[in-house]
Visitor: 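This is the structure I want to talk about, given as structure tokens.
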Amino acid sequence: MAVATAEATPGAKHNLQLARQAYYDKISGYHLAPLWEVLKDLVTKEPRTTIVPALWKFPEIEKLMLEAGDVITAEEAERRVLVLENPGEPGKARITNTLFAGVQLIMPGEIADVHRHVASAIRFVLKGKGAYTAVEGEKSNMEHGDFIITANWAPHDHGNPGKEPVMWLDVLDMPTINHFQTSFAEHFTEKMQNVNHENGDSFERYATGVLPDGAPVHLNRSPVINYPYAKMRPILERLRKTGDLDKRFGARVRYANPINGGPVLPTMGANLSLLPAGFKGEPYRSTDGTVFAVAEGKGTTIIDGKPFEWGVNDVFVVPPWQRYQHNIGSEDAVLFSISDKPAQEALGIWREGQ
Ligand code: 1HN
């Protein structure tokens, strides 16, 4: 039988459409589908994303978070977190295609019980003093700008024996873990873990030029629990002083695993950038959708042609492969950023461009 082609008469074309549809209906009963109808959406010339650029203003988040403190206790909530939902993916508990982000509040006198899960977490401390997070036996004080990691399956609990509400940004690789459908979690009978390592122990032990003799030489996550802002910030000044400024990112450090120089976690990598007053960044894009938190100062980031004006503790997101560029006014700014770059690099799929 001759196969009808697209050059056929209008009547023949119509019959062909009907025949194709009848065929698709028939094969669907066998759990089969025609690739040729969907190929263009599956293999795109450039990345397509459902994620959109967005900015959360800290003064608004803070007010709404403190209201959450009135309606639910940390104990009832298990974790009192407001999810930063990407407006392109409402209801999906994600800020990018691969990352969860939220702001957590812990009130004076509260604790958040010890648990562990396969999803890895990072915390970037926004506001307040006097809280701690305990991770794998180390009790870490939380100060503005501290970067704290909670690796896959690491027991962790938080507490606030201080006098002020304390808020931080949580970023987890949960959408990645759930993409692989590999989520496990465990609760403990005790509320708090035993802590046998004092504040700052893992940083001093692993990240000051020596390693405990016999420390493993292969470790796919950093052994450092807290990278304190007080230690990181002066390094940015060193870079500035010697003119080591990237045209796109300013004076930027990458948080590293001191064992091998690799990323802090296999699924998430983070940076800290000093953008000096007057900085006009060159445009940049990369395949890793990136979450930014403002540690200091203010500025504007143009994302896909739209300006986003930010100030201290604001959070904003740049979708995968969308072009962005930082513009800084009269005040120095410091930006924390986090993305799934290490996961993409491990898979050999990460790309960057102008
Ligand atoms: C979690 O365990 C924490 O331990 C914070 O503080 C945010 C978001 C989703 C799933 C687990 C925490 C989380 C989370």
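Along the sequence shown, the residues carry numbers beginning at 1. Every number for a ligand or one of its atoms is a count from 1 in the order of the listing.
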Visitor: Could you tell me whether Phe308 and Phe316 have their ring centroids closer than 6.0 angstrom?
Guide: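 Not under 6.0 Å, so no.
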
Visitor: For the pair Lys231 and Glu204, find out whether any cationic side-chain nitrogen is under 4.0 Å from an anionic carboxylate oxygen.
Guide: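 A salt bridge links Lys231 with Glu204.
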
Visitor: Using a strict threshold of under 4.0 Å (side-chain N to carboxylate O), is an ion pair present between Arg240 and Asp332?
Guide: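 Yes.
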
Visitor: Is there a side-chain contact between Lys341 and Ser286, using heavy atoms and a 4.5 Å cut-off?
Guide: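 In short, these two side chains do not touch, never coming nearer than 4.5 Å.
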
Visitor: Students should be able to answer this: which protein heavy-atom is nearest to atom 10 (C) of ligand 1, and at what distance?
Guide: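 Ranking protein heavy atoms by distance from atom 10 (C) of ligand 1, first comes Met174 SD, 3.5 Å.
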
Visitor: Answer with side chain, backbone, both or neither: which part of Leu172 has a heavy atom less than 4.0 angstrom from an atom of ligand 1?
Guide: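 For Leu172, the contact with ligand 1 is made by the side chain alone.
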
Visitor: Checking the N or O distance criterion of under 3.5 Å, is ligand 1 in contact with Arg79?
Guide: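 In this structure, Arg79 places an N or O atom under 3.5 Å from an N or O of ligand 1.
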
Visitor: Determine, considering heavy atoms only, which of Gln104, His158, His115, Glu78 sits nearest to atom 2 (O) of ligand 1.
Guide: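 Considering heavy atoms of Gln104, His158, His115, Glu78, the nearest to atom 2 (O) of ligand 1 sits in His115.
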
Visitor: Can you list the ligand 1 atoms lying under 4.0 Å from a non-hydrogen atom of Phe100?
Guide: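 Taking each heavy atom of Phe100 in turn, ligand 1 has 8 (C) under 4.0 Å.
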
Visitor: State plainly whether one hydrophobic cluster holds both Val318 and Leu84, where clusters connect Ile, Leu, Val, Met, Phe, Trp and Tyr through side-chain heavy atoms under 4.5 angstrom apart.
Guide: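 Shared cluster, no.
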
Visitor: Provide, to 0.1 Å, the distance between atom 1 (C) of ligand 1 and the closest protein heavy atom, together with that atom's residue and name.
Guide: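 In this structure, atom 1 (C) of ligand 1 has His117 NE2, 3.8 Å as its nearest protein heavy atom.
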
